[in-house]
Amino acid sequence: MEETNDFFALRKNKLDELRAKGMDPFRNEFRPTRTVAQLRAVHELGMTVKVAGRLTAHRRMGKSIFSDLRDESDRIQIYVQKDAVGEDEFERFKHLDLGDIIGAEGEVFTTKTGELSVKVVKFVLLTKSLRPPPEKWHGLQDIEIRYRQRYLDLMSNSGVRDLFRNRSRVIQEIRAFLNGRGFMEVETPMMQRVAGGAAARPFVTHHEALNCDLYLRIAPELYLKRLLVGGFEKVYEINRNFRNEGISRRHNPEFTMMEIYEAYGNFRTMMELLEEMIPTVARNVFGTLDIKHTGLNGEILRTIKLEPPWERKTYRELLAGAVAPDFWSWDVEKKRAKARELGIETVDGLEDFEVVNQIFEKAVQPNLIQPTFVTHLPKELVPLAKASREDSSTVDVFELCINGQEIAPGYSEQNDPIEQRERLVAQVGQEIQNLDEDFLVALEHGMPPAGGVGVGIDRLLMLLAGAESIRDVILFPQLKPQKEVEILAPVNVPEPNL
RNA sequence: GGGUUGGUAGCUCAGUCGGUAGAGCAGUGCCCUUUUAAGGCAUUGGUCCUGGGUUCGAGUCCCAGCCAACCCA
């Protein structure tokens with residue numbers, strides 16, 4: 001074979017040579033008898049096993065070769081001896097590449113150094129890998145490639161594999177928890193005629209047959225409430241929302257949201273539900289209620305203690321505590337001055353409650369590291385919630401903050417159709433086409449009083465897994481498209497007939 | 001949108017004052033039948049992100065752009 005460093009060409013040559021000898025480099029006839037983890041768990045020395053996986057390392061020793069074979073569950077060393085497999089097969093094994101997927105059959109034994117291994121009697125190439133894997137020791141470091149080609153990240157970084165396994169388990173545990181309490185999981189439209197339930201710019205798409213524009217949902221809320229009207233009393237949905245807004249460390253245009261509604265519940269029952277659910281999930285998946293967030297060098301930045309009960313504080317007292325005891329007697333100008341002092345520049349056109357909320361987000365929220373329910377938010381901030389009976393300038397809602405982020409807002413849901421209509425009409429203003437009339441009609445049929453909560457699943461994962469960026473908990477985060485994608489294979493594509 | 005940092009071999013990274021482009025791993029060939037980041041010998045491999053500019057000469061300096069990370073908005 002000619003000397004070249006064109007990995008693709010080299011590997012393609014090997015593939016062609018195999019084909020020329022009548023061998024199929026993409027066979028699908030090999031069935032492993034067990035996973036590597038199962039093999040490790042219940043092995044007996046001398047037993048014969050069939051395992052399959054990707055070659056991740058090899059140590060060639062002349063007439064014998066040690067290789068590492070990895071399947072999803074674990075890694076195992078395989079040992080190939082010239083005398084055991086014969087000269088031709090040994091040559092063929094020597095020319096396998098890192099990244100190739102093989103099946104190996106052989107006897108379980110332990111090496112001199114005590115490593116459990118499989119002494120190969122037969123092997124078969126199951127998939128030829130035409131591209132080299134990332135470096136074996138450092139793994140894949142380039143953060144852009146890690147996001148754009150996540151499969152390489154998963155292939156080479158075990159911590160990333162663990163994180164996404166844990167993500168799956170967290171969602172499973174949430175389902176188990178809610179199902180165990182009589183909640184029913186439902187699916188409501190992602191394509192909506194009116195993008196309601198939140199304030200955000202939606203993605204627009206077009207349905208050809210119906211000849212109408214549809215929006216990708218920004219929230220499932222208004223459909224889940226229709227289900228309460230219909231008589232389902234405890235429902236939840238875990239699914240994607242889409243918001244056509246900026247991308248940041250905490251924002252991906254599509255993100256996973258869970259919303260829970262419980263008839264005859266209220267914001268307090270929702271607080272109790274979360275206070276039980278999140279620790280249960282953390283305990284079952286991570287085995288602890290003390291979540292440690294570490295820095296780049298492994299130093300512990302903070303420990304989040306999920307042990308209930310959690311703090312419950314009103315919006316008013318948190319602000320007074322963080323800014324000034326007499327904060328609530330200040331006039332707007334004094335609040336604006338305070339906002340500017342905090343480095344918030346865009347306060348000029350804002351209403352009083354908006355300025356206050358800017359101050360809240362800057363001076364209070366980032367410091368709410370331990371779980372805190374912020375209650376009694378001003379009604380202007382949350383137009384869809386019920387007024388509080390204790391203080392009619394506030395609403396019966398909470399905002400669960402952990403790790404300096406909003407994790408979950410919860411409400412005593414508004415079920416007065418007259419008031420709801422007024423609020424929604426005020427919200428859409430001139431753009432009356434953005435009014436979800438069918439939802440209002442549903443409310444007019446009567447929605448039972450209910451508690452509701454939305455949990456940002458990605459942010460919950462960041463919290464539980466100690467990730468600093470939302471991209472680290474989403475398998476395929478959104479990035480700008482590259483101008484020229486150089487990862488396309490240099491194969492001969494037939495010219496189109498013109 | 002603004003600022004900072006980065007982009008060099010397939011991967012992980014060096015590259016000094018502007019003077020012939022470097023290492024480790026991976027690859028290729030040879031030696032090696034219990035290694036495990038195996039070892040030894042030899043060797044291949046570069047659009048230095050892109051486009052301009054300054055200069056006798058640019059990976060390096062300047063300008064513009066692209067992509068990313070972080071910070072700010």
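Only heavy atoms go into these numbers, but all of them, side chains included; no hydrogens, no water, no symmetry mates. Below, chain A is the first sequence line, B the second, and so on; all start at residue 1. Just so it is clear, the structure is predicted and the values come from calculations on it, not from any experiment.
Sequence order on RNA chain B of the closest nucleotides to A:R60 and A:D142 puts A:D142 first from the 5' end. For the pair A:D83 and A:G139, both in contact range of RNA chain B, the more 5′-proximal nearest nucleotide belongs to A:G139.
Atom CG in A:D472 sits about 8 Å away from atom P in B:C70, given to the nearest Å.
At a threshold of 4.0 angstrom between heavy atoms, the contacts of A:K362 are confined to the sugar-phosphate backbone, with no base atom among them. Across all strands shown, A:Y147 has heavy atoms under 4.0 Å from sugar-phosphate atoms exclusively, and none from any base. Residue-level contact check: A:R146 touches neither bases nor backbone, having no heavy atom under 4.0 Å from any strand. Nucleic acid contact for A:Q77: base, since at least one base atom lies under 4.0 Å from a heavy atom of the residue. Residue A:R471 is classed as a sugar-phosphate contact, given heavy-atom separations below 4.0 Å to backbone atoms only. Using a 4.0 Å heavy-atom criterion, one finds that A:I65 contacts no nucleic acid atom at all.
Look at A:H58 and you'll find a side-chain N or O under 4.0 angstrom from OP1 or OP2 of B:G27. An OP1 or OP2 oxygen of B:C67 is reached within less than 4.0 angstrom by a side-chain nitrogen or oxygen of A:K480. Between A:K136 and B:A38 there is a side-chain N or O to OP1 or OP2 distance below 4.0 Å. The shortest distance between the side-chain N/O atoms of A:K119 and the OP1/OP2 oxygens of B:U33 is not below 4.0 Å. Listed pair A:R59 / B:U35 fails the phosphate criterion, with no side-chain N or O lying under 4.0 Å from OP1 or OP2.
Within 3.5 Å, a donor on the side chain of A:T111 pairs with an acceptor on the base of B:U35, or the reverse. For B:U33, the base has a donor-acceptor partner in the side chain of A:Q81 [N/O atoms by modelled type, under 3.5 angstrom].
Using the six-membered ring where Trp is involved, A:F123 and A:F93 have ring planes that are perpendicular, over 60° apart on the 30 and 60° scheme. A perpendicular orientation is assigned to the rings of A:F242 and A:F203, their planes being inclined by more than 60° (bins at 30° and 60°). Classification of the A:F66-A:Y79 ring pair by plane angle, with boundaries at 30° and 60°, yields parallel.
Put simply, A:W137 rests on the base of B:A37: the two rings are less than 5.5 Å apart at their centres and nearly parallel, under 30°.
Under a 4.0 Å N-O distance rule, the pair A:K14/A:D97 qualifies as a salt bridge.
Here B:A69 sits opposite B:U4 as a Watson-Crick or G-U wobble pair (both hydrogen-bonding atom distances under 3.5 Å). Base-pair partner of B:C48: not found among the strands shown (Watson-Crick or G-U wobble, both distances under 3.5 Å). Pair assignment for B:C11 gives B:G24, based on Watson-Crick or G-U wobble hydrogen-bonding distances that are each under 3.5 Å. Under the Watson-Crick and G-U wobble criteria, each requiring two contacts below 3.5 Å, nucleotide B:A38 is left unpaired.
Under a cutoff of 6.0 Å and an axis angle of 45°, A:K335 and A:F327 form a cation-pi pair.
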